[in-house]
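Below is one structure; the comments refer to it alone.
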Amino acid sequence: SSSSTKLEIGAHFSFYFYLSPSPRGTMQFSLAAVAAAIAGASSSIAIIIGADAFVQPQYRGTTFATVAGRASRGGVGGGAAVGGGGCGRRRRRLLRLSSAADGDDDDEVAAIAAAIFGDDETSDGESTQREEGTGTTKAKAEGIDDDGTVKDEIEHEAEDPEEEEEFELILEAVPPASYSVTTLPDSGPAGVGSVHSLTINLGAPGHPDPIVIETGRIGRQAASAVTLTRGESVLYATASRDNNVRENVDFLPLSVEHQERFSSAGTTSGSFNKRDGRPGEHEILVCRLIDRPLRPLVDGGWRHDTQLLSWLLSYDGRRSCDVLAVTASAAALWLSDVPLRKPVAAAMVGYVDGTLVLNPTLEQMKHSRLDLTVAGTKDAVLMIEGAADFLPESLMVEAVAFGHEAVKVQCEGLEELGRAVGRDKKLDTIRSPPEGLQEAIDELYAAEVDELWGGELSKEEQSSRQSEISKGVARDMEERYPDEASALKSALKDLMSRRMFHRAKAHGKRIDGRALDEVRTIDSEAGLFPRVHGSALFTRGETQVVATATLGDSGMRQKIDKIGGMEMKRFYLQYTFPPSCVGETGRVGFPGRREVGHGNLAERALSPSLPTEDEFPYTIRVESLVTESNGSSSMASVCGGGLALMDAGGPL
């Protein structure tokens, strides 16, 4: 490194090498490089050490001899600097040796220091001193020029660790929970159209800024557009739909996009062309947050292509705006003519100093043991997502209820805003299934479906039999229900779901024959691959994951360009779900949204078990390759990832 490199040796010592800038500088150190750098600071010491563990292949299996600040490689010829390890020519060296663990044996520390630097009586100009009761060592090191002359003598003392300031939770008083709607006629741009605004006070201590949702001023050609303001953070969200109905689809054609613009925080993208590009992983996760609570509440027969777009246009840097993106997109969809049955909103909950905090600040989240997102209607919770630091179930239930109270007041306000806007829902293109169709499917195919779920068939046999039933339904019912292929498919799916649930409830059996409290056969193997740091094969039934763990220095950290600045992740898990794992063909390459979401889920599950950076000063990368899938591959990634980390020596 061109500045300062810290190398942890065992559990007792830290060596600091201060090197001048060099084009050959590298973080690839070994014991040989350490010995060379130590000897380079002491002209009276010669060290010969084996270098079998050296990380650079060209140096493996060789021996390094260091004399008077120079390094030579045995059998090859002298003069080679060791991996940028501070023993090249014309370099001035500073060295500090300090005890890195409380309770170190003082005699052992002194003995090691004396062995390296020599006793006061025998060392040529070198001295080693012990501070009473502190467990630290002070070492004087001299800069040696090429001709052996002594340069500046410099003394470095061990620095006291900085004491972390104690955090105190302060929650400002706020108005009680309430909402109000105002309408300003003819106040849009150029005096055209009315502007409606909803102001919501959440009533939670520590959240003094009201949420203000406005529509009618911006984006008037979309089906609906809103701006949402909280403090100095502003989001813009739109809902649009296609005029034509998509034929022969049995799902809601809904797409969601979210973008956090760098300009919102007064900065710009770090990319070459300085333009906000494809969504980052965090933005993809926000899109999934928006999609999940809204999709189930759109009328089941809606088949228009529908798109939700949201942008973060101004960011005050105080709180996360993820839940605001959910609420803004839900508000836009509610105010449009898309048949959303109820308004939806979201809230974030933290747990700091034994107190539940609504929409906590970023500083409060650093000390929070809970990161929970709650979304729903005024009547019920639709989605919860988050992570906790081993909190009891009773507290988690309390946190969900706490977040839902904030959701309720927002949804009630959106209902009032919807009445003020007064836009009717488009229901004329929704096709209901033909009368009697579901009953006919139930009567004709219930026995075949029960046989399918009888638990006697393997996954391949079940898949083949299910395909035969689907083709039979389409063939047998075509004359009776022409042009109803989508309705027939939906009716068969409904029957299969109900019979599967009935079997589990009535007989206590799953569709593969297992009891409700019986797990699939689990097989684990570690140390698969010889040249990776850690590897594992985890198999649970017909779900299988190959996981690898890689350890590295700080340069291997994942760098994420975000509006709050460059984020450097010490631990990250990357999940890959190729089509071959389910016996199919398809697109491969850049990870899809599902892969990003499942990888994030597994990453958050493993994070609490990782050692601190002081305990294990490595960057950690886990890769999970799903090789078979017939169950939860994200949970298999947690299991396989944990095994790979332990195989790599990680003290989980």
Side-chain angles (χ1 to χ4, degrees), residues 246-253 295-296 300-301 303 431 433-523 538-545 577-588 592 594-595 598 626-636:
R246 288 185 60 178
E247 300 293 340
N248 298 322
V249 295
D250 60 347
F251 61 90
L252 170 65
R295 186 176 291 271
R303 295 295 179 263
R431 294 179 59 182
E435 187 175 350
L437 172 62
Q438 188 65 61
E439 291 76 8
I441 295 293
D442 290 356
E443 181 180 354
L444 294 173
Y445 297 99
E448 294 187 47
V449 171
D450 286 342
E451 181 183 354
L452 173 68
W453 299 148
E456 306 294 333
L457 305 178
S458 66
K459 178 185 178 182
E460 291 78 9
E461 292 171 333
Q462 279 185 351
S463 179
S464 177
R465 182 64 184 134
Q466 187 172 341
S467 178
E468 291 176 7
I469 295 175
S470 297
K471 292 177 181 178
V473 169
R475 181 184 61 251
D476 299 341
M477 308 295 286
E478 184 177 8
E479 290 187 7
R480 188 171 175 182
Y481 298 101
D483 301 324
E484 295 291 350
S486 178
L488 289 170
K489 190 185 299 184
S490 297
L492 179 60
K493 183 178 180 180
D494 180 82
L495 171 63
M496 288 182 169
S497 300
R498 284 186 285 109
R499 298 309 297 173
M500 182 190 300
F501 177 76
H502 172 76
R503 172 180 168 79
K505 184 178 180 181
H507 305 290
K509 293 289 185 180
R510 307 175 191 240
I511 61 174
D512 60 358
R514 287 181 297 132
L516 301 182
D517 59 353
E518 184 180 354
V519 300
R520 298 178 176 92
T521 301
I522 293 176
D523 184 83
F538 179 83
T539 307
R540 185 193 65 238
E542 294 176 312
T543 299
Q544 187 182 73
V545 160
F577 190 93
S580 60
C581 71
V582 289
E584 299 176 356
T585 61
R587 183 193 69 85
V588 295
R594 180 186 177 278
E595 291 174 296
H598 283 242
V626 181
T627 51
E628 299 177 15
S629 180
N630 185 24
S632 175
S633 56
S634 59
M635 294 301 96

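More than 12 heavy atoms of other shown residues, nucleotides or ligands fall within 6.0 angstrom of atom CD in E461. More than 12 non-hydrogen atoms from other residues, nucleotides or ligands lie less than 6.0 angstrom from CZ of F251.
To the nearest 0.5 Å, the span separating CD on E443 from CG on L495 amounts to 12.0 Å. Here the OG-CD distance, from S580 to E628, works out to 10.0 Å after rounding to the nearest 0.5 Å. The CZ atom of R510 sits 12.0 Å away from atom CE of M500, with the distance rounded to the nearest 0.5 Å. Here the straight-line distance linking atom CG of L452 with atom CE of M496 works out to 5.5 Å at 0.5 Å rounding. Between atom CG of residue D476 and atom CD1 of residue I441 there is a gap of 9.0 Å, rounded to the nearest 0.5 Å.
In this structure, Q438 contributes its side chain and P433 its backbone to no donor-acceptor pair below 3.5 Å. Of the possible donor and acceptor atoms, none in the side chain of W453 sits under 3.5 Å from a partner among the backbone N and O of F501. Distance alone, capped at 3.5 Å, is enough to place a donor-acceptor pair between the T543 side chain and the N630 backbone. No donor-acceptor distance shorter than 3.5 angstrom exists from the side chain of T539 to the backbone of Q544, with no hydrogens or angles considered. Put simply, the side chain of S464 never gets that close to the backbone of E460: no donor and acceptor are under 3.5 Å apart. Distance alone, capped at 3.5 Å, places no donor-acceptor pair between the S467 side chain and the S463 backbone.
Take E484 and apply the salt bridge (charged side-chain N to carboxylate O under 4.0 Å, His left out) test, not counting sequence neighbours, and it matches R431. Residues satisfying the salt bridge (charged side-chain N to carboxylate O under 4.0 Å, His left out) test with E448, not counting sequence neighbours, are R465.
When every heavy atom of G631 is checked against every heavy atom of R540, the shortest pair comes out as C-NH2, 3.9 Å. Here the closest heavy-atom approach between residue S629 and residue F577 is recorded as OG-CE1, 3.5 Å. S486 approaches V249 most closely through the heavy-atom pair OG-O, 2.9 Å. Across all non-hydrogen atoms, the minimal contact from Q462 to I511 is NE2-O, 3.0 Å. Counting all heavy atoms, side chain and backbone alike, A440 lies closest to Y481 at CB-OH, 4.2 Å. Here the closest non-hydrogen pair linking F538 and I522 is CE1-CG2, 3.7 Å.
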Self-check item: Intermediate values then yes/no, salt bridge (charged side-chain N to carboxylate O under 4.0 Å, His left out), R514 and D512
Solution: CA-CA 6 Å; R514 287 181 297 132; D512 60 358; 2.8 Å; yes
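Residue pairs satisfying the salt bridge (Lys or Arg N to Asp or Glu O under 4.0 Å) criterion with at least one member in residues 488-506, sequence neighbours excluded, are listed as follows: D442-R498, D450-R499, D494-R498.
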